[in-house]
Protein chains: 2
Amino acid sequence: MREKNIPPLLAQEEVSQLLNVPSQRLEEAYWKGTIKNYQKHNLEAIQFRKGLGSVEAGTMVIMGEEIEVIRGFPKIRRTLLLKPALEKHFTGGNVAVEEKMNGYNVRIACIDHRIFAFTRGGYVCPYTTRKANEILDLDLFFQENPDMVICGEMVGTLNPYVSHYYPEVGKLGFRIFDLRKKITNTPLTVMDKRELLEEYGLEPVRLLGIFSVKEAPKKILEIVKDLGYKDREGVVMKDPMMQLEPLKYTSSQAQASELEYALSYPFDLARAFLFSRIIREGFQAYEMAETNDELRERALRMGESIIYPMLGTIKKVKEGEIAAEDLVIEVENQEEAEEFIRHLRDLKVMATLVEIKDGKAVIRRIHQSTNDKVNNYLQGGLY
Amino acid sequence: MREKNIPPLLAQEEVSQLLNVPSQRLEEAYWKGTIKNYQKHNLEAIQFRKGLGSVEAGTMVIMGEEIEVIRGFPKIRRTLLLKPALEKHFTGGNVAVEEKMNGYNVRIACIDHRIFAFTRGGYVCPYTTRKANEILDLDLFFQENPDMVICGEMVGTLNPYVSHYYPEVGKLGFRIFDLRKKITNTPLTVMDKRELLEEYGLEPVRLLGIFSVKEAPKKILEIVKDLGYKDREGVVMKDPMMQLEPLKYTSSQAQASELEYALSYPFDLARAFLFSRIIREGFQAYEMAETNDELRERALRMGESIIYPMLGTIKKVKEGEIAAEDLVIEVENQEEAEEFIRHLRDLKVMATLVEIKDGKAVIRRIHQSTNDKVNNYLQGGLY
């Protein structure tokens with residue numbers, strides 16, 4: 001291990017100062033693998049695979065004209081019960097409620113006049129980078145706010161990570177939930193963010209209301225119920241001044257659709273997903289104080305989102321198909337598709353190119369354990 | 001560690017010969033904790049906490065007038081899909097189908113003219129030992145068959161491990177599924193077992209049929225559906241000659257009732273239970289080729305068995321009760337109740353005596369994590 005040298009970037013005293021982490025701890029983290037060298041897309045950088053002190057996982061330290069730090073997006077904790085959690089947490093008295101959309105978290109930043117899109121882990125996603133530059137007009141924003149990081153959700157159906165249909169988005173769209181400073185990760189307040197975005201014609205996530213802590217739980221339960229009926233995910237609740245950590249809360253339908261996805265590939269995904277989704281449903285049912293009919297509906301929704309996808313996959317494998325999901329992305333040529341597949345492999349996702357047609361690449365993500373185990377049981381294997 | 005000596009029993013060459021395991025391996029297993037000294041109920045014994053070579057977990061080697069070996073009850077593997085598994089497994093051509101009852105596995109054996117009941121792990125259960133001697137007339141059987149171990153299920157409502165109502169049993173009953181030899185664990189064939197039991201008026205589990213491998217899957221699916229409607233657990237499928245390993249298969253209702261139990265104490269039990277029960281349901285739904293209505297019913301049953309018990313526990317804890325289950329056993333005096341509680345503590349189960357009334361002891365088993373976590377969320381803790 002110790003034969004390789006520390007990356008030159010990591011050895012710079014300035015990095016230790018910018019991150020407020022002693023050089024020695026950085027060095028140790030490098031030897032442990034918490035920090036990795038990252039050299040792709042003409043970036044020379046170091047990537048935080050895990051958090052280190054107050055530095056979030058997903059943080060990138062990049063050698064540009066000057067040293068740039070794009071901090072990881074902070075993990076948002078979840079409430080199981082709104083009322084007690086909001087009362088305890090939002091000591092400022094007010095709660096701003098923004099829609100939580102079902103897509104993938106992206107940070108967009110400008111480094112030496114090039115605009116990059118980073119996924120949660122800090123990887124530059126070539127597809128998202130290209131699409132962000134196509135969909136959004138960011139030049140003026142970054143010219144005038146070069147120290148800002150735009151944090152938002154890439155949503156829509158032509159989205160290779162989490163494909164979900166939103167009527168107002170369609171194929172692909174980007175909605176912004178935070179503007180944060182490079183280096184420190186300091187966010188703008190909820191209203192400052194919205195004003196600044198409006199100036200540049202950039203679209204924020206929907207602000208669904210600002211409520212007093214007293215009225216918030218009831219209002220939010222109504223909002224989340226309503227979002228659920230429309231097959232939308234949920235909310236993020238913020239201190240309007242952004243002095244406190246935001247919290248999240250999601251609809252029963254969001255839980256069901258995550259179960260549905262996980263149970264489509266039970267031996268790859270379900271073990272990790274099941275418990276937490278089910279716990280959320282129990283507490284939500286309690287807080288929503290549902291009628292017998294509503295409870296029964298929730299139980300049926302959960303049961304169906306567990307059984308049906310499993311059954312679908314067993315049948316598929318029985319008919320000789322493989323347990324896989326097809327992602328569709330827009331590409332201009334084969335190289336763009338292949339670059340994205342290489343990116344997926346960096347993320348340890350097994351994927352192959354199926355076809356390119358009409359400017360769309362179909363990429364197959366294989367769920368190998370599900371495939372192998374279902375085949376085994378179909379052939380009489382014992383559990 | 002090495003300061004303590006090997007138990008004298010373990011040092012005897014005869015033990016190594018009886019178990020067909022080299023002395024040195026036994027010694028190593030003792031130092032690793034796979035084998036433990038067991039000195040309770042006036043028995044001097046060694047207990048196999050885990051399997052070792054071909055010696056099953058739960059095996060007890062007991063110093064009696066001679067050295068006695070009560071082998072652990074072999075783990076019975078599960079089929080997810082009957083048809084392919086039976087075809088592959090039952091190469092003898094026939095399958096004997098016995099009812100699998102929902103209670104706890106007990107081995108009863110006679111050691112130096114005393115009759116003991118061992119639980120799965122090899123512990124002598126004082127309650128089961130007492131009850132087995134009360135319920136069953138075993139003296140003649142063991143007088144004439146001293147080398148036999150009676151393997152069966154203790155079932156009924158006054159059963160401290162798994163309380164389940166069977167109309168033909170009521171409070172407490174014992175049904176026998178295997179007769180096995182001491183030392184070797186060799187089982188009698190299905191018919192020899194039944195004949196021998198009949199001679200002594202001892203009750204076997206129900207034999208639901210002996211089928212050819214070809215017809216078995218269809219028959220067993222029907223049987224299991226029917227058992228499910230009656231809230232009964234499922235079946236164990238055996239080679240009539242007992243030359244092959246038995247297999248088990250359970251009803252959807254059994255899965256639901258296990259989920260119901262686990263989700264009553266979600267932070268203590270659910271994580272371990274959820275995945276496997278859900279997988280069973282998916283494969284059973286596939287093999288039963290259900291109509292849309294039947295599928296929906298299965299989904300609803302599963303959803304309800306997940307949501308309702310969780311909701312019940314949250315409400316209970318909110319009202320200041322603790323997350324616990326009350327076990328009821330018959331006792332003649334306080335000492336018998338306390339002896340059973342000590343036995344539970346040996347098994348690492350936290351339990352306290354609530355009351356003794358009309359010959360029944362109520363013992364409370366506390367599910368501490370559920371209690372603590374539910375309280376935490378009710379007070380606004382974040383997930």
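Labels below follow one simple rule: chain letters A, B, ... track the order of the sequence lines, proteins then strands, and each chain is numbered from 1. No hydrogens, no waters, no symmetry mates; every other heavy atom, side chains included, goes into these values. This is a predicted model, so every value here is computed, not measured.
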How close do [X] and [Y] get, counting heavy atoms only, and between which atoms?
{"X": "B/Leu382", "Y": "A/Ala85", "answer": "CD2-CB, 4.1 Å"}
{"X": "A/Leu378", "Y": "B/Pro84", "answer": "O-CB, 3.2 Å"}
{"X": "A/Ala285", "Y": "B/Leu311", "answer": "C-CD1, 3.8 Å"}

If you round to the nearest 0.5 Å, how far is [atom2] of [Y] from [atom1] of [X]?
{"X": "B/Leu263", "Y": "A/Ile279", "atom1": "CG", "atom2": "CD1", "value": "7.0 Å"}
{"X": "A/Met302", "Y": "B/Ile306", "atom1": "CE", "atom2": "CD1", "value": "5.5 Å"}
{"X": "A/Phe275", "Y": "B/Phe273", "atom1": "CZ", "atom2": "CZ", "value": "13.0 Å"}
{"X": "B/Ile314", "Y": "A/Leu81", "atom1": "CD1", "atom2": "CG", "value": "6.5 Å"}

Across chain A and chain B, going purely by atom type as modelled, what donor-acceptor pairs are there at a distance under 3.5 Å?
from: B/Arg77; atom 1: NH2; to: A/Leu382; atom 2: O; distance (Å): 3.4
from: B/Arg78; atom 1: O; to: A/Tyr383; atom 2: N; distance (Å): 2.9
from: B/Leu382; atom 1: O; to: A/Arg77; atom 2: NH2; distance (Å): 3.4
from: B/Tyr383; atom 1: N; to: A/Arg78; atom 2: O; distance (Å): 2.9

Greatest number of heavy atom pairs closer than 4.5 Å to chain A - which of B/Leu86, B/Leu300, B/Leu247, B/Val374: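 Heavy-atom pair counts peak at B/Leu300.
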Residues in side-chain contact (heavy atoms from CB on, under 4.5 Å) contact with A/Ala57, at least two apart in sequence or another chain: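 Expected list: none.
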